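Every heavy atom of this structure was used, including side-chain atoms; hydrogens, water molecules and symmetry mates were not. No experiment lies behind these values; they were computed from the predicted model shown.
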Amino acid sequence: MVDSELLQILVCPDTKEPVSLADADLLGRINEAINAGKLRTQAGEIVTDAVEEGLIREDGRILYPVREGIPIMLIDEGISTEGLG
């Protein structure tokens, strides 16, 4: 779990919008799309690993994965949520 104090200062590295923890519904939809091979990172790579935790940008368009409690706040690692419904 991401530390609450850290979460308060984290922002999207691209747009500088605040981020928040993604809810279970969004993570479920993301993982369904990953299993179907339909999600790509901002760098264009197909996402193959399930996302157990993530930080969603304020506009809801990009999710940054959290791996082993560490937010991966790299632009190229962001996952587009467009088309998830």
Side-chain angles (χ1 to χ4, degrees):
M1 189 86 166
V2 177
D3 180 72
S4 61
E5 289 181 24
L6 177 61
L7 189 56
Q8 292 177 8
I9 62 171
L10 286 175
V11 296
C12 171
D14 187 26
T15 66
K16 309 302 183 231
E17 291 176 63
V19 295
S20 61
L21 286 173
D23 63 28
D25 178 60
L26 176 59
L27 292 174
R29 288 185 285 135
I30 283 176
N31 286 318
E32 285 177 17
I34 289 171
N35 289 336
K38 295 182 178 180
L39 278 188
R40 294 185 178 268
T41 65
Q42 292 293 92
E45 299 291 322
I46 294 175
V47 180
T48 58
D49 295 331
V51 178
E52 294 180 18
E53 189 177 7
L55 301 176
I56 188 74
R57 195 167 73 185
E58 187 174 60
D59 67 4
R61 297 178 72 189
I62 300 292
L63 178 122
Y64 293 96
V66 175
R67 297 186 189 117
E68 298 180 21
I70 301 169
I72 310 301
M73 303 297 293
L74 301 171
I75 293 171
D76 286 349
E77 292 291 318
I79 300 169
S80 175
T81 60
E82 291 184 47
L84 289 180

**OP:** Evaluate the side chain to side chain contact (heavy atoms under 4.5 Å, CB included) criterion for residues Asp14 and Gln42: first the C-alpha distance (whole Å), next the side-chain angles of each, then the deciding distance (0.1 Å), finally the verdict.
**Re:** CA-CA 11 Å; Asp14 187 26; Gln42 292 293 92; 5.5 Å; no
Original post:
Can you name the side chain to side chain donor-acceptor pair (under 3.5 Å) partners of Asp25, sequence neighbours left out?
Top reply: Arg29
Original post:
Does the distance from a Lys or Arg side-chain N to an Asp or Glu carboxylate O, for Glu77 and Arg67, drop under 4.0 Å?
Top reply: yes
Subject >> CG-CG distance between Leu26 and Leu21, expressed to the nearest 0.5 angstrom >> reply: 11.5 Å
Original post:
Can you name the one residue among Leu84, Ile30, Val47 that meets side-chain contact (heavy atoms from CB on, under 4.5 Å) with Leu63?
Top reply: Ile30
Original post:
To the nearest 0.5 Å, what is the distance between CZ (Arg40) and CD1 (Ile79)?
Top reply: 12.5 Å
Original post:
Going from CE on Met73 to CG on Leu10, what distance comes out if it is rounded to the nearest 0.5 angstrom?
Top reply: 5.0 Å
**OP:** Specify the closest pair of heavy atoms between Gly78 and Ile62, including all atoms of both residues, with the distance to one decimal.
**Re:** CA-CG2, 3.9 Å
**OP:** Give the minimum heavy-atom separation between Ala50 and Ile34, together with the two atoms involved.
**Re:** CA-CD1, 4.3 Å
**OP:** Might you point out which heavy atoms bring Cys12 and Tyr64 nearest each other, and give the distance in Å?
**Re:** SG-OH, 3.0 Å
Subject >> Residue pairs involving residues 44-55 (criterion side-chain hydrogen bond (donor to acceptor under 3.5 Å, both in side chains); sequence neighbours excluded) >> reply: none
Original post:
Is Ile9 linked to Val66 within one hydrophobic cluster, defined over Ile, Leu, Val, Met, Phe, Trp and Tyr using a side-chain heavy-atom separation of less than 4.5 Å?
Top reply: yes
Subject >> Minimum heavy-atom distance between Pro71 and Leu55, given as atom pair plus value >> reply: CB-CD1, 3.7 Å
Subject >> For Leu39 against Ala33, the heavy-atom pair lying closest together >> reply: CG-CB, 3.6 Å
Original post:
Can you tell me how far OG of Ser80 sits from NZ of Lys38, rounded to the nearest 0.5 angstrom?
Top reply: 14.0 Å
